[in-house]
Number of protein chains: 2
Amino acid sequence: MGRHSDAREKLLEAALDLIWTSSYGGVSVDDICERAGVNKGSFYHFFPSKSDLAVAAYEAHWQSAQPDLDRLFSSATDPIERLQRWCTRLHETQHQKFLTYGYVVGCPYANAGSELATQDPKIRAKAQEMMDRWLDYLEATIRDAQLQGSAEVDQPRAAATQVYSCVLGLLLQAKIQNDPAVLLELESAVNRLLRIRAPLHPVS
Amino acid sequence: MGRHSDAREKLLEAALDLIWTSSYGGVSVDDICERAGVNKGSFYHFFPSKSDLAVAAYEAHWQSAQPDLDRLFSSATDPIERLQRWCTRLHETQHQKFLTYGYVVGCPYANAGSELATQDPKIRAKAQEMMDRWLDYLEATIRDAQLQGSAEVDQPRAAATQVYSCVLGLLLQAKIQNDPAVLLELESAVNRLLRIRAPLHPVS
DNA sequence: GGCTTACTTTACCGATCGGTCAAGTAGGCC
DNA sequence: GGCCTACTTGACCGATCGGTAAAGTAAGCC
């Protein structure tokens with residue numbers, strides 16, 4: 001039944017890349033098509049609209065990142081170490097992007113949410129979904145840390161919200177200052193928010 | 001020498017309002033002119049470009065908010081109380097916007113920085129300037145709290161960065177969830193980040 | 001081999017984008 | 001009263017926006 005094509009995947013990747021390093025409004029459908037090497041007609045064969053492509057691109061990006069996250073947040077790892085490795089990873093990722101593009105690019109989902117939450121309900125909902133998935137990883141980790149007595153929190157979900165807010169805020173500050181080093185504050189902030197006792201390598 | 005006009009001020013106010021509740025890319029020069037009741041020719045009489053207007057609008061907004069901030073962060077007030085009142089104020093402001101527009105709108109400077117940091121150097125620089133002004137208020141307050149022994153931090157500037165990141169992140173989460181109540185986590189997060197002893201009304 | 005279906009190609013749409021321009025008008029200053 | 005200057009007016013620009021349509025082509029299925 002008909003031929004098959006990798007145009008869809010190329011569009012998803014091009015869209016994520018371009019929108020992440022620029023913004024949703026700053027990237028046109030033509031830009032995405034050009035980067036993907038796909039004609040505009042094909043674009044609208046695969047996606048009903050620009051915003052539908054964006055939503056699909058975020059989902060595809062998550063799907064590709066999830067195996068790595070599952071490894072990072074594996075319950076076989078000590079919860080404090082999970083958090084520390086995650087902090088390190090965040091800095092590394094942004095630093096790499098900084099070297100590649102010359103800019104700290106922040107979190108793609110948060111960028112989209114910040115720009116479009118009041119304008120595009122589908123994208124707002126997708127950003128919220130992504131946020132909730134992150135919060136689930138954090139909540140589980142914080143709960144484990146609490147159970148083994150290495151963190152002192154009241155409600156793990158609320159603590160996860162606080163930790164996640166610190167991450168989003170530092171990513172945003174790093175982006176606005178265009179300096180990945182801002183993210184080095186993250187580990188200390190997490191230790192304080194969770195009242196972590198005897199961090200493996202204390203930073204504050 | 002010539003007549004004088006309030007068109008400039010009307011444009012600044014219209015631009016801030018529209019961009020804050022939508023986004024820079026989502027608002028056109030025509031939109032701003034229409035809201036301000038000013039013709040496009042007049043727009044370009046006062047401002048060389050859309051982004052110059054945006055920068056001027058952020059500065060004007062800061063100037064109008066500064067007296068209030070100076071009162072809030074007055075060194076005559078107990079530093080812990082300054083922080084608590086600020087947390088309360090942030091929630092009230094967003095809640096008010098939520099009631100007015102139906103949306104949590106977040107921080108105008110952070111929104112602009114998030115959207116345009118990699119695209120418009122002038123706006124990125126302005127967002128960074130705004131951020132630094134906030135950090136100055138916070139750093140001074142944290143320093144005062146540290147001196148009177150009610151907070152325990154190592155470097156006040158770094159602590160200010162952490163507190164500010166929590167604010168930005170919670171504002172962003174509140175915007176993406178479109179729920180002002182997310183900001184109620186702020187006070188508890190600040191208490192933990194600064195290791196505040198005996199908060200006036202403990203929340204965690 | 002032929003039919004169906006999936007995908008590609010390309011030209012095109014009206015609307016809107018940021019920005020320009022030249023002519024006109026009104027207020028302060030001498 | 002006249003002139004300079006600040007400001008207004010509204011028509012206009014080429015480019016680009018997101019999206020459409022119709023014809024063409026190639027791969028899988030029978």
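Just so it is clear, the structure is predicted and the values come from calculations on it, not from any experiment. All heavy atoms count here, side chains included; hydrogens, waters and symmetry mates do not. Lettering of chains follows the sequences in order, A, B, ..., and the numbering in each one begins at 1.
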Pairs touching residues 14-41 of chain B that satisfy ring-ring contact (aromatic ring centres under 6.0 Å, His included), sequence neighbours left out: W20(B)-H61(B)
Could you go over nucleotides 12-17 of chain D and give all protein N or O partners under 3.5 Å, atom names and distances?
residue : atom : partner : partner atom : Å
dC17(D) : OP1  : S28(A)  : OG           : 3.3

Side-chain N,O (Y44(A)) to OP1/OP2 (dT20(D)) below 4.0 Å: no
Presence of salt bridge, D136(A) and R157(A), under 4.0 angstrom: yes
Interatomic distance, K10(A) NZ vs dC7(C) C1' [rounded to whole Å]: 12 Å
Rounded interatomic separation in angstrom, taking NE2 from H4(B) and P from dG28(C): 8 Å
Basic-acidic side-chain contact under 4.0 Å: E13(A), K10(A): no
Short side-chain N/O contact from H45(A) to OP1 or OP2 of dC7(C), under 4.0 Å: yes
Among dT8(C), dT8(D), dG19(C), the nucleotide that comes nearest once only the side chain of S5(A) is considered: dT8(C)
Between dG18(C) (P) and I123(B) (CD1): distance, integer Å: 12 Å
Verdict with supporting geometry, T141(A) and D144(A), side-chain hydrogen bond (donor to acceptor under 3.5 Å, both in side chains): CA-CA 5 Å; T141(A) 305; D144(A) 287 351; 5.9 Å; no
Atom-to-atom span, CG of D6(A) to C1' of dA6(C) - whole angstrom: 14 Å
Rounded distance in Å - CG (N39(B)) to C1' (dC21(C)): 14 Å
Distance in angstrom units between E34(A) CD and dG18(D) P, rounded: 14 Å
Enclosure of E34(A) CD (heavy-atom neighbours >12, cutoff 6.0 Å): no
N-O pairing of K122(B) and E59(B) below 4.0 Å: no
Sugar-phosphate, base or nothing in reach of F43(A), heavy atoms under 4.0 Å: nothing
F46(B) CZ - dG19(C) C1' separation (whole Å): 17 Å
Neighbour count above 12 (heavy atom, 6.0 Å) for Q146(A) CD: yes
